[in-house]
Amino acid sequence: MNRINKNVILALLTLTSSAFLLFQLYYYKHYLSAKNGAGLSKSKGSRIGFDSIQWRAVKKFIMLTSSQNVPVFLIDPLILELINKNLEQVKNTSHGSTSECNFFCVPRDFTAFALQYHLWKNEEGWFRIAENMGFQCLKIESKDPRLDGIDSLSGTEIPLHYICKLATHAIHVVVFHERSGNYLWHGHLRLKGNIDKKFVPFRKLQFGRYPGAFDRPELQQITVDGLEVLIPKDPMHFLEEIPHSRFIECRYKEARAFFQQYLDDSTVEAVAFRKSAKELLQLAAKTLKKLGVRFWLSSGTCLGWYRQCSIIPYSKDVDLGIFIQDYRSNIISAFQDAGLPLKHKFGKVEDSLELSFQGKDDVKLDIFFFYEETDHMWNGGTQAKTGKKFKYLFPRFTLCWTEFVDMKVHVPCETIEYIEANYGKTWQIPVKTWDWKRSPPNVQPNGVWPISEWDEVIQLY
């Protein structure tokens with residue numbers, strides 16, 4: 001029997017030992033660790049994502065606002081959208097029961113909250129407490145536009161935005177102020193010269209590029225990633241408001257200059273007309289809101305807002321615009337149910353539709369429907385006696401919010417282009433004699449309605 005080579009035996013033993021060691025490592029990783037829950041990321045002391053910079057910053061901010069009774073609610077679009085998609089699941093989550101960070105741990109530079117300033121009672125000392133908790137805070141202030149019509153108070157400043165940074169994450173607090181139309185408004189975030197432009201990446205902010213207006217939201221408290229926060233009760237409605245929230249202030253300075261040159265009409269008749277027109281506009285807005293129909297101030301009503309922040313007393317009517325795609329078949333009956341009988345109807349839904357309703361004290365409500373073309377928009381007009389059609393051309397425009405006669409209403413964002421299209425470059429000069437068929441610079445003939453269609457397109461009451 002040949003002697004076994006010692007080197008071969010040693011090699012076989014080494015190979016066997018290595019294979020056994022590898023088997024032990026494999027068995028521990030794939031069986032024992034899963035069975036005993038040995039993964040560090042799932043242990044109670046280190047839940048997934050809960051040590052992230054974002055979550056810790058939000059947690060500290062919520063602790064701060066809760067302890068100081070600061071009335072804030074979450075408005076961050078990214079997080080609200082995630083919450084809305086999982087709303088029922090989030091509502092059923094109890095405090096501290098979650099094991100994963102699904103919302104506040106999403107990587108980003110900012111988390112946005114809204115502060116209801118009119119409910120805040122103890123602003124003093126808040127910055128000091130925030131800084132003691134490790135935050136670096138920045139306060140953005142500006143003139144209060146609600147006082148802009150009063151010369152002696154127009155310099156009063158109010159807080160518009162707070163930005164509090166913890167490590168590399170920032171909390172953006174958008175300050176919401178009450179306005180007289182029962183809505184909430186926030187201001188433009190303008191950086192003054194003494195502010196460090198590198199404090200945070202300001203260009204990534206989702207609020208503050210322009211002033212904004214929102215419906216007053218009803219709030220609900222929920223638990224998100226183990227933290228109790230307030231959010232709008234209808235998150236989807238708030239999210240839908242954000243891209244259409246841009247707000248334009250009335251031009252009070254220019255209005256004062258206008259009335260210095262052209263004295264305001266304060267006769268009994270003018271005061272009575274403004275009162276009736278305001279009531280008519282408020283009733284029309286209420287009716288259209290119930291229908292879910294967007295509208296904006298048009299023609300003379302828009303001119304009065306832009307030029308003099310008021311209703312033009314000699315206009316004798318209220319003018320509104322509506323996109324034809326927002327037309328509802330029950331719009332006439334809705335106004336009649338509101339106590340506004342139809343005075344006349346011109347045109348058809350597919351061409352030049354115009355409605356007029358009779359308000360109190362002989363004040364009319366005229367509604368012009370606008371049609372979109374590739375490079376412009378237009379509304380139509382019809383002469384009842386002849387059936388002649390007219391078309392009024394406007395550059396394409398979008399809608400912004402403003403405040404007018406104590407209401408939040410829409411106006412064209414591109415206001416000056418809209419006004420000049422309708423009234424020309426001399427719109428600043430009052431004109432009391434106006435021929436709707438000839439005076440507007442944007443009017444042009446648009447044919448004649450066939451006699452066979454008159455009963456359909458010309459209805460007088």
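In what follows, residues are counted from 1 in the order of the sequence shown. Please read all numbers here as calculations on a predicted model, not as lab measurements.
By the 4.0 Å N-to-carboxylate-O rule, Lys278 lies close enough to Asp406 to be salt-bridged with it. Comment: Lys192 engages Glu157 in a salt bridge, judged by a side-chain N to carboxylate O separation of less than 4.0 angstrom. The existence of a salt bridge linking Asp366 and Lys343 is excluded, since no basic side-chain nitrogen approaches an acidic carboxylate oxygen closer than 4.0 Å. The pair Asp225-Lys59 does not meet the salt-bridge criterion, since no charged nitrogen lies less than 4.0 angstrom from a carboxylate oxygen.
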Check your understanding: Could you go step by step and tell me if Trp126 and Leu64 meet the side-chain contact (heavy atoms from CB on, under 4.5 Å) rule?
Key -> CA-CA 9 Å; Trp126 186 81; Leu64 168 65; 3.8 Å; yes
Practice item. Show your working on ring pair (Phe, Tyr, Trp, His ring centres under 6.0 Å) between Phe390 and Trp436 and close with a plain yes or no. Key: CA-CA 9 Å; Phe390 299 88; Trp436 61 270; 5.6 Å; yes
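The aromatic rings of Phe61 and Phe135 lie perpendicular to each other, with more than 60° between the two planes, well past the 30° mark. Between Tyr327 and Phe369, the ring planes are perpendicular. Angles over 60° get that label, and only those under 30° would be called parallel.
Judged by distance alone, the side chains of Gln325 and Glu372 do bring a donor and an acceptor atom under 3.5 Å apart. A donor-acceptor pair shorter than 3.5 Å cannot be found between the side chains of Gln136 and Glu131. Side-chain contact, Ser142 with His188: no donor N or O sits under 3.5 Å from an acceptor N or O. Side-chain contact, Tyr461 with Gln459: a donor N or O sits under 3.5 Å from an acceptor N or O. Side-chain N/O atoms of Glu403 and Ser180 include a donor and acceptor closer than 3.5 Å.
No side-chain donor-acceptor contact under 3.5 Å links Tyr418 to the backbone of Phe397.
Shown here are the side chain to side chain contact (heavy atoms under 4.5 Å, CB included) partners of Pro441, two or more places apart in sequence or in another chain: there are none.
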